[in-house]
2 protein chains.
Amino acid sequence: MSPSRPNGLSRQPRNVVSRGIPEATVARLPVYLRALVSLAERGATTVSSEELAAAAGVTSAKLRKDLSHLGSYGTRGVGYEVEYLVYQISRELGLSQDWRVAIVGIGNLGHALANYGGFASRGFRVVALLDAGEVVGEKVAGLTVASVDDLEHVVKEQEVSIAVIATPGAAAQPLCDRLVAAGITSILNFAPVVLQVPEGVKVRKVDLSTELQILAFHEQRKSAAVLGIDADVVAQAFVEAAQ
Amino acid sequence: MSPSRPNGLSRQPRNVVSRGIPEATVARLPVYLRALVSLAERGATTVSSEELAAAAGVTSAKLRKDLSHLGSYGTRGVGYEVEYLVYQISRELGLSQDWRVAIVGIGNLGHALANYGGFASRGFRVVALLDAGEVVGEKVAGLTVASVDDLEHVVKEQEVSIAVIATPGAAAQPLCDRLVAAGITSILNFAPVVLQVPEGVKVRKVDLSTELQILAFHEQRKSAAVLGIDADVVAQAFVEAAQ
DNA sequence: AGGCACGTGTGAACGTGTGCACAAAGTCGC
DNA sequence: GCGACTTTGTGCACACGTTCACACGTGCCT
Ligand SMILES: NC(=O)c1ccc[n+]([C@@H]2O[C@H](COP(=O)([O-])OP(=O)(O)OC[C@H]3O[C@@H](n4cnc5c(N)ncnc54)[C@H](O)[C@@H]3O)[C@@H](O)[C@H]2O)c1
Ligand SMILES: NC(=O)c1ccc[n+]([C@@H]2O[C@H](COP(=O)([O-])OP(=O)(O)OC[C@H]3O[C@@H](n4cnc5c(N)ncnc54)[C@H](O)[C@@H]3O)[C@@H](O)[C@H]2O)c1
C-alpha cells in the first residue's frame, strides 16, 4: 500500500480514515440535506451526484468528495439512495437529537425568529425567550418571555444548549459572557459586534450589513469594469485632489 | 528580481500589483470597518494591527495582509490612522455611494428588515417594499408596500441595485428570475432554497437553519469527546442493529 | 544627527479546499 | 452469466488562504 509516498516524512497521517470532517464540508451538509428532503418530497428514491449537485448549487466532484468523508453511501452506476443519505447526513450533523434553543432579545428580529416555523422542522426547539424590556411577561409564539435576570436559572432548568442573541450590539458582549458562564458553548449572534469568547465556545454570526457590503463591493467592481474605469486610478486621483 | 522562480512557467502574473482583492479579505473588510468606527467613536486616532485585530477577532498577521491588498496605508512604528483607514475601506467597499435596496416579501422577517436602522447607517437605503399578500398598500417603516405585479416597474423607477428576498421558499426562484430579468445583479436571499442564477449575478444567502445545524454538529462532537465515545463506532452499531 | 524601539509590509512555508480525470465497482439487458 | 454502460470514490495537481518570522521604514529620544 501507499505505492508512492509523496516525499520523505509526513508529519501525521491526518484523515486516517474518516475522523474529522473538513469545515467547508460541514458547512455544505445542511444544503445537501435540504436538497435531499426536497427531492424526497417529490418522490425521488435515488439521486446521482450530478443531479444532487445541481440542486445544491455545487459541482458534482465537490459533492462526491464531501459525501466520501461520511463514508461510502453511494452505489456505483446508480447513485445515492435519498432516504438513506438523509439519515446519514442528519446523524452526522447531530439532528437525530432535539436541540434546545433560547432566544435573548425579543425585539423586531427576536419576534420574527420566535414565530419562525423553520426551526422546529429540523430538530431545533425554542424553549425559552428572554428580554430586559417591557416585553417581559408577554406571550410570544406560545412562550412567556422571561427576564434576563433569570438567565442562569432558565438556562439550567430548560437545559438550553444553543443560545441566539438578538439584542442591540451594546448588550451582546455582557450577555454572551453570562451565557458562557452559565455553560452555553454554542451561540448564534445577530448583533453587529465581534463576540470574544473563551476556547471551546463556538460562535457563528449572521450579519446583514456585512452581506450587503460584500454585495456592494462586487456591484461596484462590475460598474467600474463596464465603464472601463480603473478603480485604483480613480481613487488615486481622488486622494491627490484632496491634498 | 524574483531570485528563485518556483519551478518553470507561471501561468499568469496574478496579483500583479493590487488588482483583485481575495474574496476572504473582502468578507472581512466590513468587520474591520465596524471595529474602526467603534474605535473612532471612543476617540482613538491611531491603532496598531495588534489592537485592531483583537477588536475584529482575527490575528494581526491576517489583518496586515488583508490591509496590504488595499495599499500601504499604515505607518511603520506607529500603526494605522483610524479616520484614514475608515475612508479607504469604505471606498474600497463602494460605500461612498448610496445603494438603493428593495425588500421583497414583507412578512415577519421583511417587517423586521424594513424597520431595521442598521442599513441606512452605512449607505444602504431601502427604497421599495414589495409583497403579494394583504400587506400591499399598507405603510411599513414609512414606505407603502407595492404589489409584486409592479416589480419590473418599481425596480426601474426606483433604480434599485440590490434586492432582498424574504418570501417563503417556494416563491423565491420565480421571483429571483424576474429580478434578474429586470436587471438586478445583486441579491440577498433569506429563503431556504439555493437560487439558480446566470453568470454575472451575485447571490448571498443568510440561512438560519444552516447556521444552527453547523453549531449542532460541533456541539455533538464536543459531547461525544467528553464522554470518550467514538461517534463512528456508535453509528456503526446503530446501523447494524437496525438491519 | 544618530541610535533605538516599534510595528508594518511581505516572502516563504504550510495547510486547506477545489477541480480533473479515471480506475474500480456496480447494474442492467440480453 | 457476461459484456457494456453508468456513476462512484479518490489520487493528484493546483489554487487559495493562513501563519510565521523578520527586514526595513518611521518616529522618538537623547
Ligand atoms: N431587525 C433586523 O432586521 C436586524 C437585521 C440585522 C441585524 N439586526 C441586529 O439584531 C439585533 C436586534 O435587532 P432588533 O431590530 O430586533 O432590535 P430591537 O431594538 O427591536 O430589539 C432588541 C431587544 O433586545 C432587548 N434587550 C436590550 N438589552 C437587553 C439585554 N441586556 N438583555 C436582554 N434583552 C435586551 C430589548 O428590550 C429589545 O426587545 C440588533 O443588534 C440589530 O443590530 C437586526
Ligand atoms: N422569520 C424568521 O425568523 C426567518 C428565519 C430564517 C429564515 N426565514 C425565511 O425567510 C422567509 C420569510 O420568512 P417570514 O417568517 O417573514 O415568512 P412570512 O410568511 O411571515 O412572510 C412571507 C411574506 O412573503 C409574501 N409573499 C409570498 N409569496 C410572494 C411572492 N410571490 N411575491 C412577493 N411576496 C410574496 C407573503 O405575502 C408574506 O408577507 C422564509 O423563506 C423563511 O423561511 C425566516
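Labels below follow one simple rule: chain letters A, B, ... track the order of the sequence lines, proteins then strands, and each chain is numbered from 1.
Scanning residues 39-56 of chain B for heavy-atom distances under 4.0 Å to DNA chain C yields B:S48, B:S49.
Here the P atom of nucleotide C:dT10 and the NE2 atom of B:H69 are 9 Å apart, to the nearest Å. Atom pair B:L63:CG and D:dT19:P shows a separation of 12 Å (rounding to whole Å applied). For the pair A:L85 CG and D:dT7 P, the computed distance is 16 Å after rounding to whole Å. If you measure from atom CG of B:L67 to atom P of D:dT18, you get 14 Å, rounded to the nearest angstrom.
Among residues two or more places apart in sequence or in another chain, the salt bridge (charged side-chain N to carboxylate O under 4.0 Å, His left out) test is passed with B:D177 by none. Residues passing the salt bridge (charged side-chain N to carboxylate O under 4.0 Å, His left out) test with A:E219, sequence neighbours excluded: A:K222. In terms of the salt bridge (charged side-chain N to carboxylate O under 4.0 Å, His left out) criterion, residue partners of B:E211 (sequence neighbours excluded) are, by chain and number, A:R204. Scanning for salt bridge (charged side-chain N to carboxylate O under 4.0 Å, His left out) contacts around A:R125 gives A:D98, with sequence neighbours left out.
Residues A:Y73 and A:Y84 bring their aromatic ring centres within 6.0 Å.
Between A:E23 and A:R28 there is no salt bridge, since no side-chain nitrogen of the basic residue lies less than 4.0 Å from a carboxylate oxygen of the acidic one.
Residue A:Y80 places at least one side-chain N or O under 4.0 Å from the OP1 or OP2 atom of D:dG9.
Here the CD atom belonging to B:E92 is positioned 10.5 Å from the OH atom belonging to B:Y87, to the nearest 0.5 angstrom.
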*Classify every nucleotide of nucleotides 18-30 of chain C by which part a protein heavy atom approaches to under 4.0 Å, writing B for the base, S for the sugar-phosphate alone and - for neither, in 5'-to-3' order.*
SB-B--BBSS---
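In summary, the side chains of B:S96 and B:R91 do not present any donor paired with an acceptor at a separation below 3.5 Å, with no hydrogens or angles considered.
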